[in-house]
Amino acid sequence: QVQLVESGGGLVHPGGSLRLSCTAHGVAFINYAFGWFRQAPGKEREFVSAIGWSGSRTDYADSIKGRFTISRDNAKNTVYLQMNGLEPEDTAVYYCAAGFSGVIEELFTAANQYRHWGQGTQVTVSS
């Protein structure tokens, strides 16, 4: 059974930083591309960032480019999202997602390309 467990959310002041973690259980981690999505109250779930097998290929939403960094540690079955320069507009529930990748370094930016999802972790940016 595939399970994605997120952690690292919380309350932070504007300009602050958080690092989200997503540990995968029950998957051949190296064969999966991972993504982060977020959903703010009253809004649709939106793409944040994605990473391929080795971590050498990544993608970011324009709204967070230059502030957030995605990475993965294949030895620990864990994907990270380092978030710097947080703004109130970043407040949302952040979800980790995993999708089987048949092509090396393939990554996905659409939610329907991911089969497995975590339970979400709340990030609140407020003064």
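Computed over heavy atoms, backbone and side chain alike; hydrogens, waters and symmetry mates excluded.
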Is there side-chain contact between L86 and N84, with at least one heavy-atom pair below 4.5 Å? no
To the nearest 0.5 Å, what is the distance between OG on S49 and CZ on F68? 9.5 Å
Applying salt bridge (charged side-chain N to carboxylate O under 4.0 Å, His left out), name anything that partners E87, two or more places apart in sequence or on another chain. R67
Flag the pair Y114 / F108 as yes when at least one side-chain heavy-atom distance between them is below 4.5 Å, and no otherwise. yes
Using only heavy-atom distances, determine whether the side chains of T23 and N77 contain a donor-acceptor pair under 3.5 Å. no
Heavy-atom closest pair (L4 atom, C22 atom, distance to 0.1 Å) is CB-SG, 4.0 Å
For the NZ atom on K65, are there more than 12 heavy atoms of other groups (residues, nucleotides or ligands in this structure) within a distance under 6.0 Å? yes
Flag side-chain contact, heavy atom, 4.5 Å: C96 against F34: yes
Side-chain donor-acceptor pair present, S71, Q82, cut-off under 3.5 Å: no
For N74 and R72, which heavy atoms make the closest approach, and how far apart are they? OD1-NE, 2.7 Å
Do we see a donor-acceptor contact under 3.5 Å between the side chains of T124 and S126? no
So do the side chains of M83 and Y94 get within less than 4.5 Å of each other, counting heavy atoms only? yes
Ring geometry between Y32 and F100 (parallel below 30°, tilted from 30 to 60°, perpendicular above 60°): perpendicular
